[in-house]
Amino acid sequence: MTRVPARVERLASVDSTQRVVRELLDAGEPEVVLAVADHQTAGRGRHGRTWVAPPGSALLVSAGFRPDGLAPRHGWRLGAIVALAMLDAAEEVAGLRDGTLALKWPNDLVADGPDGRLLKVAGVLGESILDGDRLSAAVVGIGVNGSWREAEIPADLAGSVTSLHLLSGGRPFERDALLEAWLARLEPRYLALRSGRFDAGGWSARQRTTGRRVEVATASGTVAGIARGVDPESGDLLLIDETDGAARAIGSGEVVRCRLVELPGRRGGVAGA
Ligand code: BTN
C-alpha cells in the first residue's frame with residue numbers, strides 16, 4: 001500500500017533536496033520519500049538553472065516516486081499532479097480566492113500580475129529514472145515562494161515573481177501547514193495516477209497560457225503564436241505558429257522558456273514570467 005509520504009527527511013541546509021531524494025531512492029528507499037529543506041545552497045531549476053530562496057522563505061520539497069506501471073511517456077504527469085495538488089493547497093492555506101493561482105505550461109504556478117503579466121509563485125522540476133524502457137522511479141521537486149516581501153525579491157526576478165505572503169495581503173507564510181495540505185491532495189492524485197487515471201480536465205482548465213499569445217524558446221529555436229491548449233496524452237503545448245499558421249506541438253522536455261507576449265494594443269504590451 002502506497003503511503004504519501006512513507007518517510008520525510010527534514011533538513012536545515014542542503015545543496016538540493018533533489019539530490020537527497022535521488023540518493024535515498026538509489027539506496028532502495030520505498031516511495032513516497034520526501035526531503036524538505038529550510039535552505040538550499042545549490043537549488044536546481046529546470047534546464048540547469050539555479051533556484052534561489054532565502055533561508056526559511058519558501059517551501060522546498062522533493063518527492064521520490066516508484067510509479068509502477070506508469071509509462072515513461074506519461075512521466076510528465078507526476079510533475080502535473082505535484083503542481084495541481086500545490087495549487088489547491090496554496091490557495092486554501094494562504095486564504096486566496098479560487099482561481100488566484102493557475103498553471104503556466106509546463107508546470108509553473110503563477111498569479112496574474114499588473115499589465116497582463118504572469119508572476120511565478122512556484123516551479124516544478126521532474127527527473128525520471130529509467131530502467132530500460134520502464135520508468136522505475138522519479139524525483140519531483142517543487143519550490144514555492146512563501147514569505148518574500150517586495151523588497152526581498154532579487155532585482156533580476158522583480159516583476160516576474162511573487163509570493164503567497166504578497167498575494168494574501170500580508171498573511172504569515174505557514175510552511176508546515178502548506179506541506180500538510182499539499183500531501184493531503186497529492187495522495188489521491190498519485191493513487192489515481194497509479195491506477196491509470198489522470199485529471200486531464202483539471203490540468204487543461206487551469207492553464208493560463210490557453211488562448212494567449214506565447215513565445216516558446218527551445219534548443220532548436222523560438223516559436224511564437226496563440227496557445228490552443230495542452231495535450232493531456234503527450235503533455236505538449238499546442239499552438240498555432242504565427243509565422244505560417246501551422247498547428248504545432250511542443251514537448252515539455254524541449255522548452256527552455258515559455259512566456260506570454262501580448263500583441264501590441266492588447267492587455268498593455270509585453271508580459272512574461
Ligand atoms: C523551475 O521552475 O525551474 C523548477 C524549480 C524547482 C525548485 C525545487 S526547490 C525543491 C527542489 N530542489 C531543487 O533543487 N529544486 C527543486
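Predicted model only: the values in this text are computed from it and were never measured. Computation of the quantities below employed the complete heavy-atom set of this structure, encompassing side-chain atoms and omitting hydrogens, waters and symmetry-equivalent molecules. Counting convention: from 1, in listed order, for ligands and their atoms alike.
The nearest protein atom to atom 9 (S) of ligand 1, hydrogens excluded, is given as Gln40 NE2, 3.5 Å; this is a heavy-atom distance. Here the protein heavy atom with the shortest distance to atom 11 (C) of ligand 1 is Thr17 OG1, 3.2 Å. For atom 3 (O) of ligand 1, the closest heavy atom belonging to the protein is Arg46 N, 2.7 Å. Among all protein heavy atoms, the one lying closest to atom 16 (C) of ligand 1 is Arg44 O, 3.8 Å. With respect to atom 2 (O) of ligand 1, the closest heavy atom belonging to the protein is Lys120 NZ, 2.6 Å.
At a threshold of 4.5 Å between non-hydrogen side-chain atoms, the residues Asp176 and Glu180 do not count as touching.
Of the residues listed (Arg259, Arg208, Lys120), the one engaging Asp108 in a salt bridge (Lys or Arg N to Asp or Glu O under 4.0 Å) is Lys120, and it is the only one.
Residue Trp51 has no N or O atom closer than 3.5 Å to an N or O atom of ligand 1.
Residues Glu91 and Thr100 have side chains that never bring a donor and an acceptor to within less than 3.5 angstrom of each other. There is a side-chain donor-acceptor pair under 3.5 Å between Gln40 and Thr17.
Against a heavy-atom cut-off of under 4.0 Å, Val61 is close to the following atoms of ligand 1: 10 (C). For ligand 1, the atoms lying closer than 4.0 Å to a non-hydrogen atom of Ser16 are 12 (N), 13 (C), 14 (O). Here is the list of ligand 1 atoms found below 4.0 Å of a heavy atom in Gly43: 14 (O). Annotation for ligand 1: atoms under 4.0 Å from non-hydrogen atoms of Gly143 are 7 (C), 8 (C), 9 (S). Below 4.0 Å from some heavy atom of Ser62 lie the following atoms of ligand 1, by number and element: 11 (C), 12 (N).
The local environment of CG in Asp133 is sparse, with at most 12 non-hydrogen atoms from other residues, nucleotides or ligands closer than 6.0 Å. Within 6.0 Å of CD in Glu174 there are 12 or fewer heavy atoms belonging to other residues, nucleotides or ligands.
Linking ILVMFWY side-chain heavy atoms closer than 4.5 Å, directly or via other members, places Val82 and Trp203 in a single hydrophobic cluster.
Salt-bridge formation is detected for the pair Glu29/Arg7: a Lys NZ or Arg NE/NH1/NH2 atom is positioned less than 4.0 Å from an Asp or Glu carboxylate oxygen.
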